[in-house]
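Keep in mind that the numbers below use all heavy atoms, side chains included, and drop hydrogens, waters and symmetry copies. We name chains A, B, ... by the order of the sequence lines, and we start the count at 1 in each one. For clarity, every value in this text was computed on a predicted model and none was experimentally measured.
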2 protein chains.
Amino acid sequence: MTKTPSTKEKLLQAARALFWTRGYSNVSVRDITGAAGVDAALVSRYFGGKQGLFEATLADIPAWDVLACDRENLLEKAVESFTQPYNPQTDLVNPFTLLLANVLDPVMGDKIRAFVQQGIATPLAEKLGGVRAEEKAAMLLAVLFGFALIRKNFQVKGLTDTSLDDLRAQMMILGQTAVQSAP
Amino acid sequence: MTKTPSTKEKLLQAARALFWTRGYSNVSVRDITGAAGVDAALVSRYFGGKQGLFEATLADIPAWDVLACDRENLLEKAVESFTQPYNPQTDLVNPFTLLLANVLDPVMGDKIRAFVQQGIATPLAEKLGGVRAEEKAAMLLAVLFGFALIRKNFQVKGLTDTSLDDLRAQMMILGQTAVQSAP
DNA sequence: AAGAGGCGTCAACACTTGTTGACAACTACT
DNA sequence: AGTAGTTGTCAACAAGTGTTGACGCCTCTT
């Protein structure tokens with residue numbers, strides 16, 4: 001049986017779920033502690049404040065496992081990780097929405113941008129290699145993030161109701177196009 | 001000479017500039033009135049409150065002029081409108097960032113989604129026509145919005161420092177791929 | 001038994017938020 | 001001149017924000 005999580009873990013879990021969907025400024029400390037079922041004062045006690053709690057959730061983001069696989073099936077893995085079924089429960093491990101939800105925040109924006117550049121874009125460019133690696137990596141990220149944005153956040157009709165297999169096939173074509181350098 | 005704008009116009013202008021960059025919840029009424037140089041009480045007087053002011057800026061969005069041109073040069077116009085130089089002053093007429101900045105807002109999200117679907121995605125699908133028009137339109141939007149997201153918001157290196165001509169060429173290829181239906 | 005340290009609860013704080021109503025200044029009309 | 005309507009100013013409000021310090025409870029050690 002799973003042992004009951006500690007208060008610190010309960011706070012982290014609730015914070016991640018809320019920051020993930022609504023962004024730093026749209027979530028209050030009392031929202032988090034209310035969802036976690038603990039007192040509001042414990043956020044300052046355990047994490048030094050709301051900002052510290054947010055940074056703890058940020059540090060908690062798993063390394064994007066796509067970066068760990070070979071160059072050949074990198075594209076396939078990337079597409080797969082961005083076309084998972086729409087399930088808030090399991091999607092928590094996907095850092096995408098947390099990044100999107102907070103990049104505009106006046107205090108957290110810089111942190112988010114630095115994370116995307118150093119933790120995602122630069123390693124991806126190194127993995128891709130070749131000429132104009134940075135540009136190709138950025139284009140691929142644009143395709144992936146744009147897809148997730150239109151599907152999950154804007155919920156535009158053509159992407160929310162199509163089968164995952166069809167979507168993945170389309171995304172593979174787009175991804176391959178993105179990583180091919182113009183002559 | 002340009003006649004001095006009325007208080008209402010000054011408020012709308014400042015509100016658009018701030019909501020555009022930081023999102024609804026990250027902007028306070030006093031931020032706006034401070035930038036406009038007017039009293040904070042006038043927001044409630046003229047627009048019925050902060051929410052009314054936001055909706056006024058939303059109603060102020062010009063119809064996406066790309067939707068007005070022919071089917072042939074639609075793609076070129078769309079790419080062009082999304083690859084303008086990074087200029088906050090002129091970019092105010094581009095609805096993109098206002099939409100992105102507020103789609104996650106707990107109170108404004110629904111309004112934004114409805115606007116994107118009815119004001120952009122559906123007309124674009126009708127313009128594209130053919131089989132799977134909705135899907136193709138959504139994919140094209142994903143490419144366009146994803147590009148703007150990675151470039152302007154995340155400021156990833158490969159897209160911020162490349163020449164506009166190169167970027168446009170790349171985007172044209174991606175856009176054409178997006179609107180081609182899989183067999 | 002007595003003390004210490006970790007853990008949670010409660011009330012309160014200083015501050016910002018959006019909004020309101022009273023009041024003054026000005027213009028336009030009779 | 002007098003009056004009505006508009007427009008801007010000021011102070012204040014209630015609600016919500018993040019944070020702090022005092023207090024009580026439980027467990028372990030001596």
Whole-Å distance separating the CG atom of L11(B) from the C1' atom of dG8(D): 12 Å
Sugar-phosphate only, base, or nothing, as touched by Y46(B) at under 4.0 Å among non-hydrogen atoms: sugar-phosphate
Rounded distance (nearest 0.5 Å) linking atom CD of E135(A) with atom CG of D161(B): 8.5 Å
Euclidean distance, atom CG of residue L53(A) to atom P of dT17(D) [Å, nearest integer]: 15 Å
Check: L159(B) main-chain N/O paired with T162(B) side-chain donor or acceptor under 3.5 Å: no
Atom pair NZ/CG of K50(B) and D31(B) - distance to nearest 0.5 Å: 8.5 Å
OP1 or OP2 of dC7(C) under 4.0 Å from side-chain N/O of T7(A): no
Those residues of residues 28-37 of chain B lying under 4.0 Å from DNA chain D by at least one heavy atom: R30(B)
K136(B) (side chain) donor-acceptor with G158(A) (main chain) under 3.5 angstrom: no
Euclidean distance, D105(B) CG relative to L104(A) CG, rounded to 0.5 Å: 11.5 Å
Integer-rounded Å distance: dT19(D) P and F47(A) CZ: 13 Å
Euclidean distance, atom CD of residue Q51(A) to atom C1' of dT17(D) [Å, nearest integer]: 15 Å
Length of the NZ-P vector between K50(B) and dT19(C), whole Å: 8 Å
Do any N or O atoms of the protein come closer than 3.5 Å to N or O atoms of nucleotides 20-28 of chain C, and which pairs are they?
none

With sequence neighbours excluded, residues passing salt bridge (Lys or Arg N to Asp or Glu O under 4.0 Å) with K157(B): E134(A)
Check: F145(A) ring centre within less than 6.0 Å of F82(A) ring centre: yes
Distance in angstrom units between K10(A) NZ and dG8(C) P, rounded: 8 Å
Spatial distance of atom CG (N26(B)) from atom CG (N26(A)) [nearest 0.5 Å]: 6.5 Å
Interatomic spacing from CG in L99(A) to NZ in K111(A) - rounded to 0.5 Å: 14.0 Å
